[in-house]
Amino acid sequence: KGEADGAPPRFLLRTPVLLAVVPALLFSVNCANIFQMPEESLLRVISLIEQRPHAIDEILNTTPEAMIAFDANRCILHANHEAEILFGYERRALDGTTTDVLLPERLRQPHAPPMKPVADVMQVDLKGLRRDGSELAVKWVFGSVANAEPSIFVMTVRDRAAIDRAIEALRESEERFRLLVEGVQGYAIFMLDPSGRVSSWNKGAERSNGWRANEILGQSYEVFFTPE
């Protein structure tokens with residue numbers, strides 16, 4: 001196609017070229033896993049506790065996210081191992097204490113009234129306190145278990161500094177990947193977005209297949225195949 005008007009021929013992609021897409025797709029999937037929203041994990045755990053309110057320990061212990069369950073008076077019912085590691089506590093050392101021990105003294109509210117169940121998930125960035133007295137920036141996300149008697153609350157706790165480091169590492173990885181792709185001209189390398197549309201297109205892909213970047217970006221991967 002295109003030979004009559006002098007344009008470069010537009011060949012359909014062959015299998016070796018299609019294989020070049022795989023690393024890019026895996027890269028995207030890994031990034032999505034790293035930055036899974038804490039609300040998703042929290043809502044899943046709350047749903048499980050609604051079904052099995054007497055299995056809080058078991059449910060939290062099988063969750064990879066750092067999580068803590070507590071009652072309306074902020075007494076910790078259970079903190080899983082990931083939460084204990086984050087705040088520097090030994091196994092079961094947090095159970096039975098109040099959530100105030102996880103906050104610097106200036107942020108504590110020892111005379112606050114009992115908490116009321118809420119339908120929404122609440123999120124706040126606030127300093128946390130490790131057992132050794134050092135502070136850390138924490139993203140707290142919490143919600144309540146529906147129809148629980150007495151009330152049960154569950155929260156995820158994430159180290160903000162760790163999130164920031166992961167974001168920076170992701171930026172650096174994306175930049176290295178971009179430079180790598182743009183620097184390769186002997187092979188066709190491109191990426192597809194989650195909907196199957198071309199999101200990057202290097203010089204090698206342009207030379208091998210005839211489409212310029214401005215022609216193919218945003219197009220569905222289906223253009224690479226014959227109707228059959």
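Excluded from the calculations below are hydrogen atoms, water molecules and symmetry mates; all remaining heavy atoms, backbone and side chain alike, are included.
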Please report the C-alpha distance between Val223 and Ile216 in whole Å, then the side-chain angles of each, then the deciding distance to 0.1 Å, and finally whether the side-chain contact (heavy atoms from CB on, under 4.5 Å) criterion is met. CA-CA 9 Å; Val223 302; Ile216 194 64; 3.8 Å; yes
For the pair Asp159 and Leu86, evaluate side-chain contact (heavy atoms from CB on, under 4.5 Å) and give the outcome as yes or no after the intermediate values. CA-CA 8 Å; Asp159 183 351; Leu86 179 61; 3.8 Å; yes
Give the C-alpha distance, both sets of side-chain angles, the deciding distance and a yes or no for side-chain contact (heavy atoms from CB on, under 4.5 Å) between Thr99 and Met155. CA-CA 11 Å; Thr99 56; Met155 65 181 174; 4.1 Å; yes
For side-chain contact (heavy atoms from CB on, under 4.5 Å), just list the numbers for Ser144 and Met115, CA-CA rounded to whole Å, side-chain angles, deciding distance to a tenth of an Å, and then say yes or no. CA-CA 10 Å; Ser144 57; Met115 294 180 61; over 6 Å; no
Side-chain donor-acceptor contacts of residues 100-108 below 3.5 Å, not counting sequence neighbours, with atom names and distances?
{"from": "Arg106", "atom 1": "NH1", "to": "Glu135", "atom 2": "OE2", "distance (Å)": "2.8"}
{"from": "Arg106", "atom 1": "NH2", "to": "Glu135", "atom 2": "OE1", "distance (Å)": "3.0"}
{"from": "Arg108", "atom 1": "NE", "to": "Asp100", "atom 2": "O", "distance (Å)": "2.8"}
{"from": "Arg108", "atom 1": "NE", "to": "Leu103", "atom 2": "O", "distance (Å)": "2.8"}
{"from": "Arg108", "atom 1": "NH2", "to": "Leu103", "atom 2": "O", "distance (Å)": "3.1"}

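The side chain to side chain donor-acceptor pair (under 3.5 Å) test applied to Glu206 returns no partner, not counting sequence neighbours. Ala112 is linked by a side chain to side chain contact (heavy atoms under 4.5 Å, CB included) to Arg74, Gln109, counting only residues two or more places apart in sequence or in another chain. For Pro114, the side chain to side chain contact (heavy atoms under 4.5 Å, CB included) partners are Ala72, Asn73, not counting sequence neighbours. Partners of Ser195 under the side chain to side chain donor-acceptor pair (under 3.5 Å) rule, at least two apart in sequence or in another chain, are Asp193. For Asp57, the side chain to side chain contact (heavy atoms under 4.5 Å, CB included) partners two or more places apart in sequence, or in a different chain, are Asn61, His78, Arg92. For Glu50, the salt bridge (charged side-chain N to carboxylate O under 4.0 Å, His left out) criterion is met by no residue, not counting sequence neighbours. For Asn147, the side chain to side chain contact (heavy atoms under 4.5 Å, CB included) test picks out no residue, with sequence neighbours left out.
In terms of hydrophobic clustering, with Ile, Leu, Val, Met, Phe, Trp and Tyr side chains grouped at heavy-atom distances under 4.5 Å, Val141 and Leu48 are assigned to a common cluster. Both Val118 and Trp140 are members of a single hydrophobic cluster when ILVMFWY side chains are connected at heavy-atom separations under 4.5 Å. Tracing side-chain contacts under 4.5 Å through hydrophobic residues (I, L, V, M, F, W, Y), one never reaches Ile76 starting from Leu129; they form parts of separate clusters.
Applying the ring-ring contact (aromatic ring centres under 6.0 Å, His included) test to every pair with at least one member in residues 89-110, sequence neighbours left out, gives no pairs at all. Under the ring-ring contact (aromatic ring centres under 6.0 Å, His included) criterion, the residue pairs touching residues 44-70 are Phe70-Phe153, with sequence neighbours excluded. Sorted by first and then second residue, the salt bridge (Lys or Arg N to Asp or Glu O under 4.0 Å) pairs with a member in residues 123-134 read Asp125-Lys139; sequence neighbours excluded.
Rounded to the nearest 0.5 Å, atoms CG (Leu77) and CD1 (Ile56) are 5.0 Å apart. For the atom pair CD (Gln123) and CZ (Phe142), the distance works out to 10.0 Å, reported to the nearest 0.5 Å. Taking CZ of Arg52 as the start and OG of Ser47 as the end, the distance is 11.5 Å to the nearest 0.5 Å. With values rounded to the nearest 0.5 angstrom, Leu192 atom CG is found 6.5 Å from Ser199 atom OG. A distance of 8.5 Å separates CD in Glu222 from CZ in Arg197, rounded to the nearest 0.5 Å. The distance from atom CD of Glu82 to atom CE of Met67, rounded to the nearest 0.5 Å, is 10.0 Å.
Through direct or relayed side-chain contacts under 4.5 Å between Ile, Leu, Val, Met, Phe, Trp and Tyr, Ile85 connects to no other residue.
Nearest heavy-atom pair across Gly96 and Cys75 is O-SG, 3.8 Å.
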